[in-house]
Amino acid sequence: MRSTGIPVMLLLCVLCVLPASGELQQDTEPRRLPPPGKLDFGYVPAGVYETLAHYEPGPIGILFHLVRAFLCVVQPNAFPQDLIVKLAKEKFGFIQTEYQKPENIVLTLQAIYYEIGFLACAAVGLVFAVLVPLIGLFFCMCRCCDNCGGEMHQRQRKNADCRRGLLGTLLFANSLVITIGVLCAYAANQNLSSQVKNIRRLVNSNMRDLHTFANDTPMQIDYLISQYATAKDKVIYDLDNIGPLLGGRIRDQLDKEVHPALDNVLNMAGAMRETKEALDNVNVGLEVLQEGTGRLNFNLSLVRTSINRTLNDPGCHDEESDATSAQLCRNIRRSLSQLQIGANFTRLPKVDAQLDKMNDVLRTDLSAVVQRGYDSLNNTPLMAVDQTRSVVESVRGLVDGIGSNVSSFSKVFPVQSSVSDFNIFISHAHAKIEDHYPDIDKMDFYRWIGCIALCCMVVLVLAFNYLGLLCGTLGYDKHASPTTRGCISNTGGTMLMAGVGFTVIFSWVLMGVVTIIFLAGGNMEKLFCEPFHTKDVFKVVDTPYLVEPNMKNFIPGLLYNDSHLELTAESLYSTCKENKGIYTAMRLDKVFNISTFLNNTLFTKDVVSQLDGVRIDLRGIILLEAEGRQNLLDFSEAGLSEINYADYLEEVNKGVTAMDLLLFATELEAQTDLMPRGALQRALKGHVGTLRQIHSQQIVSMEQAMKYVRARSALNQSIRFLERTASDLPNKVLALLDAIKAAQDLVSHNATSLINLETRKYTATIVGYFHQYMEWVKTSLSLEVAPCKPLSNLLDTAEIIACSFLVDSMNAFWMGLGCSTLFLLPGIILAVKLAKFYRRMDTEDVYDDIETIPMKT
Ligand SMILES: *[C@@H]1O[C@H](CO)[C@@H](O)[C@H](O)[C@H]1NC(C)=O
Ligand SMILES: *[C@@H]1O[C@H](CO)[C@@H](O)[C@H](O)[C@H]1NC(C)=O
Ligand SMILES: *[C@@H]1O[C@H](CO)[C@@H](O)[C@H](O)[C@H]1NC(C)=O
Ligand SMILES: *[C@@H]1O[C@H](CO)[C@@H](O)[C@H](O)[C@H]1NC(C)=O
Ligand SMILES: *[C@@H]1O[C@H](CO)[C@@H](O)[C@H](O)[C@H]1NC(C)=O
Ligand SMILES: *[C@@H]1O[C@H](CO)[C@@H](O)[C@H](O)[C@H]1NC(C)=O
Ligand SMILES: *[C@@H]1O[C@H](CO)[C@@H](O)[C@H](O)[C@H]1NC(C)=O
Ligand SMILES: *[C@@H]1O[C@H](CO)[C@@H](O)[C@H](O)[C@H]1NC(C)=O
Ligand SMILES: CC(=O)N[C@H]1CO[C@H](CO)[C@@H](O)[C@@H]1O
């Protein structure tokens, strides 16, 4: 692998030839918070670049815009990219031997066609420069021979004053225009000089940025490496928490199936307890009720017997003497059967057999058994921890090893040496540039002097014109004839003529210089500055095989000996202008492929294969021990179904007596009243009293006393509950046992696929941390490490110095000066004509009216 420092420096050599400036603005956009589960690697420490590669010319910018507009008119053609490429490919060969080759002639014609606007303007300038002195010479000689208005004679005309005023005004206006032009030229000249002083500042800030760029890089790379700890910590954390993270998740999944089954068993345990209670209630209730009804039955049977006995009275049998009584006695005897208790609880058996069995069943604590099942399932995380201990340890070892491999990054990538080479190189380059400052200053001084001299030529002419106008105007005497004009006026005229003389002498120099600067500045603007902004210049430079005939793209060709790599001057410039990392901009992946490096150092494959070895065996989990199962079966066989619930419910719902005792007593009394008075009637009335007594003493008590009411209601409820519980109990228990068995099967056998699934997820999470780190390193290296704006700033600074400082000022200068020079021409004519009105004439017309025959004295 070649060291990267050298290619970087090679390129910088190219760039440093052009001096530069620019600012690496920090990325102020706030980074979004990472979503949960994402690692936050923080910010790569970023250097602050101070250069601002942007230039605002200020008010003189208006002038620059004007010049560009003018150039657009003169040269409206688009940037001749193809033409330049062709010319460059020919290496300007046509200049040498083969200029007759047809292609070269075509190229030449194309170039001329492209430059036609410039050439036309230059031709005008040349014609001006040549003709003005020549014509001036002839004019001068002509005048010396008293021709061409040279003779000191003025024809007098009526409109002389008007002409004089008009000529004066025109000359003054013309001079003003020339003045403005000269001021523009002067301003442009001063602007250039003042900007030259800025060069030093721009270069210095660029150099500082380059040092920042180089010096911050090792720190940034160290940061990248150090952030491996973030990923590592997270991995270690997840390894330490493999219990909850892996076992817990498996438990949660199993829980969905297992919990309902266990819950049902727990409910059944509750039902068992309630069943026993109900059975107890039945027995107790029965006892109470049996006792109560027993006593009632005894007393009722006593009464019944005594009534029966009473009815054996002879009075009841005497059919002949007392038919009514006999009939009544028969009626009473017949109704005696109704004197009975209603609900016969004595005939209901106790539920002792069931109660005994239930007591046996309850000797086992089913709830505790179920709780052990829950606990066993909840133990999954701990089982996971136990069973994965060795895998976790080896992964931990791997993670540490990867850490030391990542640290080797800085050894593989010769950052420190590249940085110090680069710094030395920059300092050298800077020193070289510093050496040239005195020359630059000197050259600028000469240039300034030269330009001032040119301006002075125009100013001289202007001075004569203004003075001439002033003297001529002041010395004007209305009454003076051309031969009697005053001294002042005459001086004014002479000054105007002097101005004309200087114009003729200087104009060719001025126009010559203007033409040369125009050609140079205009073409620089059109062929470099404008296409630089539209990036057309890069298209030319990036034309394949242009710079080096055997290299497609010359930059990668020179740097990496691989000219087919997509790395062009424009891509380099644009990428750096976006302040992306030098790694992206220079395609350093060619030298040091970070993807491959990370792929080779972060052996996540090993981590994956280690974690694939995770085996979790849940066969130790027992949801319901055999004891619990037997307990449930015993419960189902407790004989609840053998209880005749219908009998119980029937008795519970019967009244206390078969017939209302009070009603019976009242009817008996009514019948007794029909009988003749006597012993029989008395005896029966006594029985009525006894019945009423039994009612008030026993029936009312049976119906209202809390003891009986409760016993009855408890019996009612318990029997109903037991009936419900008993219905289909064996099937319910069997279904429950089936569900438990299914859950147990799931845990013991089917869980493998579930465990594998969860293990894969867990592995993916761990490996995901490494991948996040890799992606972050790649992204950071591409975008944030060693952001290369200083490189694009170099080019931008060169452009600012060449175009904004030099070319713009040059263009403004030739425009101002050229404008002045052009207006010198009408100035000559106006000045010569006007001088006639100022100077004292040797002769003058006597009769001006007869124009055809001018008469001289
Ligand atoms: C009443 O007494 C007679 C005999 O004296 C007996 O045959 C009969 O069954 C008795 N009836 C009742 C309801 O006790
Ligand atoms: C009540 O039931 C028992 C047992 O079946 C029976 O011996 C008794 O005679 C019954 N008593 C009444 C009043 O029916
Ligand atoms: C570290 O890198 C070396 C080779 O570069 C390799 O043999 C070793 O397995 C790597 N260690 C880890 C933990 O990846
Ligand atoms: C550049 O690469 C070419 C093949 O692509 C090879 O022949 C040549 O030797 C290489 N030159 C250098 C200096 O590595
Ligand atoms: C760097 O490695 C990645 C993946 O290994 C590959 O896709 C890319 O082309 C490589 N880059 C270079 C310049 O070799
Ligand atoms: C990383 O290495 C593995 C094999 O070790 C390979 O399958 C994969 O394509 C590589 N990825 C990159 C980006 O180089
Ligand atoms: C027995 O209970 C049922 C329902 O709980 C109720 O409808 C009924 O009246 C009760 N019977 C007695 C005698 O309490
Ligand atoms: C358990 O595994 C058997 C076969 O191995 C399958 O038929 C059954 O659907 C699985 N049960 C669950 C709940 O995954
Ligand atoms: C009203 C009545 O006759 N009550 C009697 C019921 O029988 C008991 C003896 O079992 C007597 O003590 C009551 O007086």
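The first residue of the sequence shown is numbered 1, and numbering continues consecutively from there. As the structure is a prediction and not an experimental result, all values here were calculated from the model. Just so it is clear, the values below take in all heavy atoms, side chains as well, and ignore hydrogens, waters and symmetry mates. When a ligand or atom number is given, it counts from 1 through the structure's own listing order.
Of the listed options T346, I341, N344, N344 places a heavy atom closest to atom 8 (C) of ligand 2. Counting only non-hydrogen atoms, the option in L715, N716, L649 that gets closest to atom 14 (O) of ligand 7 is N716.
Below 4.0 Å from some heavy atom of V652 lie the following atoms of ligand 7, by number and element: 13 (C). Of all the atoms in ligand 7, the ones that sit under 4.0 Å from a non-hydrogen atom of N653 are 11 (N), 13 (C).
Of the protein's heavy atoms, at least one falls inside 4.0 Å of atom 11 (N) of ligand 7. Within a 4.0 Å radius of atom 2 (O) of ligand 7, the protein has at least one heavy atom.
R720 and Q717 are not linked by any side-chain donor-acceptor pair at a separation below 3.5 angstrom, with hydrogens and angles left out of the test. Side-chain atoms of Q290 and T346 form no donor-acceptor pair, as typed in the model, at a separation below 3.5 Å. Side-chain contact check for N631 and D634: no donor-acceptor pair (N or O, by modelled atom type) lies under 3.5 Å. Checking Q227 against T230 by side-chain atom types alone, a donor-acceptor pair falls below 3.5 Å. Between N283 and D352, the side chains place a donor N or O and an acceptor N or O closer than 3.5 Å (distance only, hydrogens not considered).
Salt bridge K741/D745: present, at least one basic N to carboxylate O contact under 4.0 Å.
The protein atom (non-hydrogen) at minimum distance from atom 7 (O) of ligand 7 is R720 NH2, 4.8 Å. The protein heavy atom nearest to atom 4 (C) of ligand 2 is R347 CB, 3.9 Å. Among protein heavy atoms, the minimum distance from atom 13 (C) of ligand 2 is reached at Q340 OE1, 3.4 Å. Scanning all protein heavy atoms for the shortest distance to atom 5 (O) of ligand 7 gives Q717 NE2, 3.7 Å.
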H687 vs S306, test: side-chain contact (heavy atoms from CB on, under 4.5 Å). Steps then yes/no. CA-CA 8 Å; H687 290 310; S306 4; 3.2 Å; yes
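Taking CG from N379 and CG from D386, the interatomic distance works out to 8.0 Å, rounded to the nearest 0.5 Å.
In terms of polar-atom proximity, defined here as any N/O pair under 3.5 Å, R712 makes no such contact with ligand 7.
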